[in-house]
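As structure tokens, the structure follows; a few thoughts come after it.
Each ligand, and each atom within it, is numbered from 1 in the order the structure gives.
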Amino acid sequence: MGKFHSPRSAPVATFSMADFSLRCLLGGITPEVFLAEYWQKKPLLVRQALPGFGDWLDRGRLSELAMRDDAESRLVRFMRGQCLLDHGPFEADDLAGLPKKNWSLLVSGVNHFLPDGDALLHAFDFIPLARLDDLMVSFAPPGGGVGPHFDSYDVFLIQGQGRRRWEISAQDDLEVMDDAPLRILKRFQPDQSWELDPGDMLYLPPQYAHNGVALTACMTWSVGFRVPTAADMVGNFLNYLHDHLSPTGLYSDPDLKRPRHPAEIPDTMLNQVAAMLKAVRWDKNAVEDFLGRYLSEPKSHIFFDPPHPPLKPASFSKLAAKQGVRLDPRSQLLFRGSLFYMNGERVEAPPEILAILRSLADRRRLPPTTPTESLLPILHEWYISGYLLPGTAQ
Ligand code: SIN
Ligand code: CO
């Protein structure tokens, strides 16, 4: 693994989240103007959105993440006019012997492993957290990229180390190649192009054709959003109903008559089953509960690390009073009204702790305070599950 570490002479990090400015991120416009004029409407290029950004990860550290089995990683290579796609986790040897040009290594969910990455992702909280997906980081040597394509989601592409040329196109022709393992556009006709330096950022709405080619060895940080399809929502809601409804009653036919065709499904059976299915009902509360659980549910490869041995409530409370608490970078805490959804699990909060729990959900941390009698059991339970940690520092 050590062979991936960058040389000692690598530049020291100059950007930290303490320097973060939302005004600067959006190029001087307010989030309100961004949402009204650009979000889901048109691209926005911001020069020096994060001045000095780029040194949190290098090729070596990204390669180490790509070897973890709790990270989603992909390797895209272009060889002899062919596109090849491999999925991680990778072995050190897979990543050490790569050519000098024309490939890209991509790791999703970097916010789960890098506390600064979690803070960067959540700096985009002028968009509801329920819409935020994850932070993906890619490394590419010169010529590397994933080919011209479009994404179904909005994306902020932040240039880390190195330089990359982005070409974009407002084209409606989104036909993709039939035989490529990635969705690569058959025809790409760029209408704008820029070279991005470290700290520059490009926002693209969904379905906007784009192609990023590394000019030097470079890293791109993508803040992506979730766009569930109607088919996803309906399928998952039906599963939710299946788990939460408890239909009662048995099929019965005391008035059964001898059938003319024994193989024919009888009318009485059809009517009785239709009546059973009519009893499947739901209201907005069920949709609300489904959404809270579904949107906060961790992806299937995410596992938490519960503390061993855990502190008892009294000691945990003392530590929280001294150091505050923060959500684990893998945790998703959402709420509606008094219902809080932590990683797919629901907690109903009493009125006196609504404000403090909402603040924890919005900011992902609480400053040092002694938890009240009704707050302590909730925080302690989340701590025991590995969802929340003492300490507010990254
Ligand atoms: C990349 O980082 O190479 C791909 C990002 C994107 O095009 O969405
Ligand atoms: Co893309």
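In terms of polar-atom proximity, Tyr153 is not counted as a contact of ligand 1, lacking any N or O under 3.5 Å from an N or O of the ligand. Taking distance alone, with nitrogen or oxygen atoms compared against 3.5 Å, Ser222 stays at or beyond that limit from ligand 1.
A heavy-atom distance below 4.5 Å is found between the side chains of Asp362 and Phe335. Arg293 places a side-chain heavy atom less than 4.5 Å from the side chain of Tyr240.
For ligand 1, the atoms lying closer than 4.0 Å to a non-hydrogen atom of Thr220 are 2 (O). Within ligand 1, counting atoms from 1 as listed, the ones closer than 4.0 Å to a heavy atom of His210 are 6 (C), 7 (O), 8 (O). The Asp151 neighbourhood of ligand 1 comprises atoms 8 (O), with distances under 4.0 Å to a heavy atom of that residue.
For the pair Lys41 and Tyr38, the NZ or CZ position fails the cation-pi test of under 6.0 Å to the six-membered ring centre and within 45 degrees of the ring normal.
Note on ligand 1: Trp166 sits in its first shell, one or more heavy atoms being nearer than 4.0 Å. Contact annotation: Val155 has no heavy atom less than 4.0 Å from any atom of ligand 1.
With the Co ion (ligand 2) as the vertex, NE2 (His149) and OD2 (Asp151) define an angle of 120°, rounded to 10°.
Residue Glu373 places its CD atom among 12 or fewer non-hydrogen atoms of other residues, nucleotides or ligands, all under 6.0 Å distant.
A ring-ring contact (aromatic ring centres under 6.0 Å, His included) with Trp221 holds for exactly one of Phe156, Trp56, Phe124, Phe139; it is Trp56.
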